[in-house]
Every structure is written in C-alpha cells, then in structure tokens.
Number of protein chains: 2
Amino acid sequence: MLKISKKADYALMALQHIASVQFGDVTPGRVVNTKEIAEEYNIPLELLAKVLQVLSKQGLIESHNGPKGGYLLARSARQITIAQIIESIEGPLAITDCSHEKDGDFCMQREHCNIRTPLLKIQDSIYQLLNNMTLGDMMGGTPLITIQSPSAQGVER
Amino acid sequence: MLKISKKADYALMALQHIASVQFGDVTPGRVVNTKEIAEEYNIPLELLAKVLQVLSKQGLIESHNGPKGGYLLARSARQITIAQIIESIEGPLAITDCSHEKDGDFCMQREHCNIRTPLLKIQDSIYQLLNNMTLGDMMGGTPLITIQSPSAQGVER
DNA sequence: TGATCTCCGATCAATATGGTCGTACTAAGA
DNA sequence: TCTTAGTACGACCATATTGATCGGAGATCA
C-alpha cells in the first residue's frame with residue numbers, strides 16, 4: 001500500500017508540534033519535551049522518545065539534557081523537508097528492493113527484470129514530491145506543489 | 001521506506017511479460033502460462049499463480065483454463081495503469097493509516113492530528129503519478145508494437 | 001477418460017514493525 | 001554536592017504483515 005511507518009508519522013507530528021511552539025507567537029523559543037508531545041497526541045512515550053533520539057542524531061533537532069530540557073529544531077522549518085524526516089526514520093527511500101543494490105547483491109529477477117527502470121523513475125518522482133515540501137509548508141497552510149489532473153480533486157485544505 | 005510489496009513487483013513483471021508476448025512481433029496473441037513467467041523471472045511458481053489469480057479476478061487479465069491455457073491481457077497495455085496493478089494486489093493506496101477512515105474508526109491522534117491533510121495531499125500526488133503511467137509506457141525497451149489483438153481495442157494518449 | 005492446466009482456500013514461516021523495559025548519563029536547582 | 005527531572009541508549013518482546021507452500025477441486029483438450 002506504499003504506507004509510511006507509524007514511527008515516521010510520529011516524527012512528522014512531533015516536528016510539526018515543536019516547530020509550531022518554537023516559532024509560534026505564544027511562547028516562541030520554548031523548549032519542548034517528549035512527555036508534552038506524547039500526551040498531546042496520544043503517542044506511547046517510550047516510542048516517541050526513541051523517534052526523537054533518531055531525529056536528534058540525524059541532526060534535524062537538537063536535544064537539551066537535564067531538567068527544563070527538551071528539543072528544538074536544528075534549522076528553520078522551511079529548511080526541513082518531508083523527505084528528510086521520513087528518510088531519517090525509515091532509511092533511504094526505496095520503492096523496490098533493488099533500488100539501492102550494490103556489488104553482487106541483487107535480486108533473483110535482476111537479469112531479466114523489465115520493470116526496474118520505470119520503477120526507479122517513479123521512485124524519483126515521489127522523492128521530488130517529498131523533497132519539495134517542507135515542515136514550514138505543513139504548518140502555515142502554504143501552497144503545496146500540485147500536479148493538475150482531472151481525475152483527482154478530492155482534498156481541500 | 002514506502003516500499004511496494006514483492007507480490008506487486010511480480011504482478012508488474014508478469015503483466016509486462018504477458019503484454020510483450022501478446023503484442024510482440026514473434027508470437028502475437030499467444031497465451032502465456034504461469035510456469036513460463038515463473039521460470040523466466042525466477043519467481044516462486046505458486047506465489048506467482050496466486051498473484052495472477054488476483055489480477056484475473058480484478059479484471060486486468062483473463063484466464064483460459066485447461067491444457068494450452070494461460071493468461072491474456074483483458075485490455076490494451078495502454079489502458080492498464082501502474083496504479084491499477086498495484087492497487088489490485090495491495091488494496092487502495094494508503095500512505096497513512098487514516099487515509100480511508102470511515103465512521104468512528106480513526107486513530108488515537110486524530111483529534112489533534114496536524115499532519116493528516118498534508119499527507120493526504122502527498123498521497124493524492126503519488127496516486128496521480130502512478131495512474132498516469134501505463135503498462136504500455138513501461139515497455140520502452142521491448143518491442144512496443146501496437147498490433148491490436150481481437151479482444152483489446154487500443155487508445156492512444 | 002485421462003492428462004494437463006488453472007482455480008482457490010487453508011496454512012506455515014520469516015520478517016518488519018510497534019511497543020516496552022531497564023539502566024546510564026547529564027544538567028539544573030535546592 | 002546531592003537530588004531530581006530529563007534525555008540517551010540498547011536490549012527485548014508481541015503482533016501484524018508478507019512471502020511462500022500445500023492440497024484438492026474444477027476445466028479443457030486430446
């Protein structure tokens with residue numbers, strides 16, 4: 001189904017929350033801790049903690065230890081793309097197993113595979129999609145990139 | 001990682017193969033059986049059989065029983081989109097769990113969820129991507145001859 | 001009628017994922 | 001400097017999904 005994992009979902013929610021607190025007009029610059037996010041969105045605390053650790057290790061957010069500690073965005077919300085977030089959690093985008101094959105490590109079908117090239121094209125397009133949308137776009141209600149097609153008009157924003 | 005399943009991979013390979021045999025210039029119109037495809041691409045026979053059954057049930061291919069039996073495309077290769085193939089196998093495209101929530105069935109985070117709308121936008125874009133590419137488009141390398149079989153009428157795009 | 005093929009349902013095994021636990025480390029404040 | 005609130009980190013378990021297998025029933029053609 002081309003689903004993205006729950007962890008990545010949580011990462012998106014958390015980052016959106018951090019961004020909106022940090023750059024909001026209520027308490028700008030405030031540090032946000034794990035517990036606050038977990039309670040706000042009903043996310044299992046421990047799992048969220050692990051997700052945030054990964055994001056921190058990947059350099060998307062910076063952690064502050066000790067009491068009054070918490071997390072802050074490492075860069076501005078407009079400099080963090082959805083692709084970066086998802087890939088931080090799930091690893092490089094790979095629509096099919098053979099996307100990033102190296103050396104002799106390839107699938108059984110490789111020699112006669114007729115779908116690899118087109119699939120890689122699709123994957124590339126999806127990546128562009130995710131990489132052209134930033135955390136900032138997700139918050140403000142900023143215009144999103146859209147591919148015009150008569151078939152789909154379902155989503156309002 | 002936004003991966004598509006092996007079954008869907010197999011489906012794509014199989015359909016591409018059937019299409020290239022059926023519309024190729026060597027033995028146009030020939031019926032292709034499961035074993036032939038399985039051996040050509042090193043796909044487990046039984047698994048491929050099940051995949052083909054689903055495709056047949058979904059109306060993408062038609063099956064012919066008995067000896068000398070096999071499969072044929074139900075429509076022209078240009079009328080079968082990648083989206084249709086993948087969705088036949090994996091069900092409706094759902095980038096996140098709450099994509100197709102109905103009634104009271106929604107995720108814990110729903111009430112404060114801040115990422116649902118943007119994610120649905122992305123999902124929609126991906127769908128358009130997949131739905132704008134047909135089996136015919138995938139057959140770039142192989143003989144892309146538009147000899148129409150009696151049962152399939154083609155549409156140029 | 002028998003051989004060959006698809007059809008279809010049930011089932012098993014492997015892997016990925018979601019989720020939990022325990023402990024160590026760090027920093028602020030009494 | 002001691003305590004406490006927080007993160008860091010790694011090991012671990014449970015469950016869901018997926019990949020793969022098996023066995024028999026139903027068609028079809030020679």
Side-chain angles (χ1 to χ4, degrees), chain A residues 1-14 18 30-39 41-72 74 86 89-91 94-97 107-109, chain B residues 1-14 18 30-39 41-72 74 86 89-92 94-98 107-109:
Chain A
M1 303 200 252
L2 279 172
K3 203 183 324 190
I4 64 181
S5 69
K6 276 254 161 57
K7 284 188 194 174
D9 270 348
Y10 295 158
L12 289 169
M13 288 186 217
I18 295 173
R30 202 189 93 222
V31 183
V32 184
N33 69 21
T34 310
K35 196 177 170 192
E36 171 181 336
I37 303 175
E39 286 175 352
Y41 300 101
N42 288 305
I43 302 173
L45 181 66
E46 304 296 337
L47 185 53
L48 177 62
K50 186 181 284 182
V51 168
L52 291 175
Q53 285 161 28
V54 173
L55 292 177
S56 157
K57 195 177 257 178
Q58 296 287 328
L60 293 182
I61 55 180
E62 50 187 52
S63 73
H64 292 269
N65 246 340
K68 307 284 178 189
Y71 293 96
L72 283 175
I86 294 180
I89 302 294
E90 308 196 347
I95 208 179
T96 182
D97 281 332
C107 71
M108 284 291 97
Q109 291 74 32
Chain B
M1 305 200 248
L2 280 174
K3 206 184 319 193
I4 65 181
S5 70
K6 274 254 161 59
K7 284 186 196 174
D9 271 349
Y10 295 159
L12 289 169
M13 287 186 221
I18 294 174
R30 202 188 92 222
V31 184
V32 184
N33 69 20
T34 310
K35 195 177 171 193
E36 171 182 336
I37 303 175
E39 286 176 351
Y41 301 100
N42 287 305
I43 303 173
L45 180 67
E46 305 296 335
L47 185 54
L48 177 63
K50 187 181 282 181
V51 167
L52 291 175
Q53 285 161 28
V54 174
L55 292 177
S56 158
K57 194 177 256 176
Q58 296 288 330
L60 293 183
I61 55 180
E62 49 188 52
S63 72
H64 293 268
N65 243 342
K68 307 284 177 191
Y71 293 96
L72 283 175
I86 295 181
I89 302 294
E90 307 196 348
I95 206 177
T96 182
D97 282 331
C98 59
C107 71
M108 282 293 97
Q109 290 74 35

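What's counted below: heavy atoms across the whole structure, side chains too, no hydrogens, waters or symmetry copies. Throughout, a chain's letter reflects where its sequence line sits, starting with A, and its residues are numbered from 1.
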Spacing of NZ belonging to K6(A) relative to CD1 belonging to I43(A), to within rounding of 0.5 Å: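 K6(A) NZ to I43(A) CD1: 10.5 Å, rounded to 0.5 Å.
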Between CG on residue L55(B) and CD on residue E62(B), distance to nearest 0.5 Å: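 The CD atom of E62(B) is 13.0 Å from CG of L55(B), to the nearest 0.5 Å.
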[X] [atom1] to [N] [atom2], straight-line distance once rounded to whole Å:
| X | N | atom1 | atom2 | value |
| --- | --- | --- | --- | --- |
| L52(A) | dG6(D) | CG | P | 14 Å |
| L55(B) | dT6(C) | CG | P | 14 Å |
| N33(B) | dA27(D) | CG | C1' | 15 Å |
| I61(B) | dT6(C) | CD1 | C1' | 11 Å |
| D9(A) | dG18(C) | CG | P | 9 Å |
| Q53(B) | dA10(C) | CD | P | 13 Å |
| E62(B) | dA27(D) | CD | C1' | 16 Å |

Nearest heavy atoms of A74(A) and G59(A), plus distance in Å: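 Distance-wise, the nearest heavy atoms are CB-O, 3.3 Å.
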Name the pairs: protein N/O against N/O of nucleotides 17-23 of chain D, kept only if under 3.5 Å.
residue, atom, partner, partner atom, Å
dG19(D), OP1, K6(B), N, 2.4
dA20(D), OP2, Y10(B), OH, 3.2
dA20(D), N6, K50(B), NZ, 3.3
dT21(D), O4, K50(B), NZ, 3.1

Would you call [X] and [Y] a side-chain contact if the rule is heavy atoms closer than 4.5 Å?
| X | Y | value |
| --- | --- | --- |
| I37(B) | M13(B) | no |
| V31(A) | K68(A) | no |
| K7(B) | L47(B) | yes |
| I95(A) | L2(A) | yes |

Please write out the pairs of protein N or O atoms and N or O atoms of nucleotides 25-29 of chain C separated by less than 3.5 Å, giving the distance to one decimal.
residue, atom, partner, partner atom, Å
dT26(C), O4', N65(A), ND2, 3.4

Flag, side chain of E90(A) to backbone of A8(A), donor-acceptor distance under 3.5 Å: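 The answer is no, because no donor-acceptor pair under 3.5 Å joins these two groups.
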Phosphate contact (dT7(D) OP1 or OP2) by T34(A) side-chain N/O below 4.0 Å: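 Affirmative; the distance criterion is met.
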Side-chain N or O of S63(A) closer than 4.0 Å to phosphate OP1/OP2 of dA8(D):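 It does, given that an N or O in the side chain of S63(A) lies less than 4.0 Å from OP1 or OP2 of dA8(D).
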L52(B) and Y10(B): CA distance, side-chain angles, deciding distance, side-chain contact (heavy atoms from CB on, under 4.5 Å) verdict: CA-CA 9 Å; L52(B) 291 175; Y10(B) 295 159; over 6 Å; no
